[in-house]
Amino acid sequence: MSHSRLQVLVCTVASRIGAIDTSGYPEVDGVEYLVCCQNFDNSEISTAVAALKARSDIRVKVFADRGLSVNRNHAFEIAEAPYVHVADDDISFCREGLQRVIADFDADSDLDIITTRSDMPEPRVFPPDGHDLAIPYRCYHTISFEISIRRRALDTYAIRFSPLAGIGAPFLICGEEELFMHHMLEAGMKGRFADTVLSVHRGLTTSAHSGAKPGALRAKGAVMRIVRGSAAAIVRYPAEAFRSQAPTFRALLWLLQGFVYSVRHRHQL
């Protein structure tokens, strides 16, 4: 059983596990890295797993299914620490940020969610330190690897990532973290922004490098309907389609397809 205070939940797949760079995983008192690897084609990964397990603060679990959101939910189920941080396999972590999350959770027993900064090439907008996440902050949208959660709250409020959104999902290739955050806050979980850099991500996110793809625009359409409501989403779609890098009418079609999909699968999203 883990005796850590914070587990960093690193989700990966067999084809990528060997490329995980643990030099970006600082050894921090109270922090453990839980690597969940999906190996749906029975690839040989024993060497990569052994290399990771050479570190006493890294654990590895392997699953034979697919889908990033499915994998994140695996990680939630097996996590044992009181606090967890959502992560990807191409992230480096900052000692001070990890320590800040533990300290903030320890200091406020009512706090369920902490979001932090990520050092990354995409321009971002962040609220001031201590901002209440229940209050929308203009142009601020958190990314999955900026989210830390009190583990017991996930079960108390029965919150998980939707398997129908995210990499490997059948129709919506992103948007899972927006839905996840929306459902946590809608359920009444208490969240706060901590103005500290916890993660470093040198590449582009899915929404940045694949934002014009049908699956990404369908995801945007679905998320907008769920988060903003049907009427507000419909009104906003033409502007979103015009701003998209995809052809305007195709973008509008894909946004509307996301709207319809989110209605049909409203209980799973």
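Source: prediction; values computed, not measured. Both backbone and side-chain heavy atoms feed into the values below; hydrogens, waters and symmetry mates do not.
Under the 30°/60° scheme for interplanar angles, the aromatic rings of Phe93 and Tyr25 are found to stand perpendicular.
Residues Arg66 and Gln38 have side chains that never bring a donor and an acceptor to within less than 3.5 angstrom of each other. Of the N and O atoms on the side chains of Thr196 and Arg100, not one donor lies less than 3.5 Å from an acceptor on the other residue. Side-chain polar atoms of Asp65 and His74 form a donor-acceptor pair below 3.5 angstrom.
Looking at Asp119 and Arg202, a side-chain N of the basic residue comes within less than 4.0 Å of a carboxylate O on the acidic one, giving a salt bridge. One finds a salt bridge joining Glu146 and Arg124 here, because a Lys/Arg side-chain nitrogen approaches an Asp/Glu carboxylate oxygen to under 4.0 Å. With respect to the salt-bridge test (charged N to carboxylate O, under 4.0 angstrom), the residues Glu80 and Arg59 qualify. Taking a cutoff of 4.0 Å between a charged side-chain nitrogen and a carboxylate oxygen, Glu77 and Arg160 qualify as a salt bridge. Between Asp195 and Arg117 there is a salt bridge, since at least one side-chain N of the basic residue sits less than 4.0 Å from a carboxylate O of the acidic one. For Arg151 and Asp112, the salt-bridge test fails: no basic side-chain N is under 4.0 Å from an acidic carboxylate O. Comment: Asp106 engages Arg5 in a salt bridge, judged by a side-chain N to carboxylate O separation of less than 4.0 angstrom.
At a threshold of 4.5 Å between side-chain heavy atoms, the hydrophobic network of Ile, Leu, Val, Met, Phe, Trp and Tyr places Leu179 and Val70 in two separate groups.
The side-chain heavy atoms of Leu269 and Val223, taken from C-beta on, include no pair separated by under 4.5 Å. Counting heavy atoms from C-beta on, the side chains of Pro214 and Phe171 never come closer than 4.5 Å. Taking the side chain as every heavy atom from C-beta outward, Arg72 and Leu68 approach each other to under 4.5 Å. Looking at heavy atoms from C-beta onward, Tyr237 lies in side-chain contact with Arg225 at the 4.5 angstrom threshold. Thr142 places a side-chain heavy atom less than 4.5 Å from the side chain of Ile147.
A distance-only check finds a donor-acceptor pair linking the side chain of Arg55 to the backbone of Thr22 [under 3.5 Å].
A side-chain contact (heavy atoms from CB on, under 4.5 Å) with Ile149 is found for one member of Val86, Val101, Ile159 and no other, namely Val86.
Counting non-hydrogen atoms of other residues, nucleotides and ligands closer than 6.0 Å to CZ of Arg95 gives a total above 12. Heavy-atom neighbours of Lys190 NZ from other residues, nucleotides or ligands within 6.0 Å: above the threshold of 12.
For the pair Arg150 and Tyr83, the cation does not sit on the ring face, since its NZ or CZ is not both under 6.0 Å from the ring centre and inside 45° of the axis.
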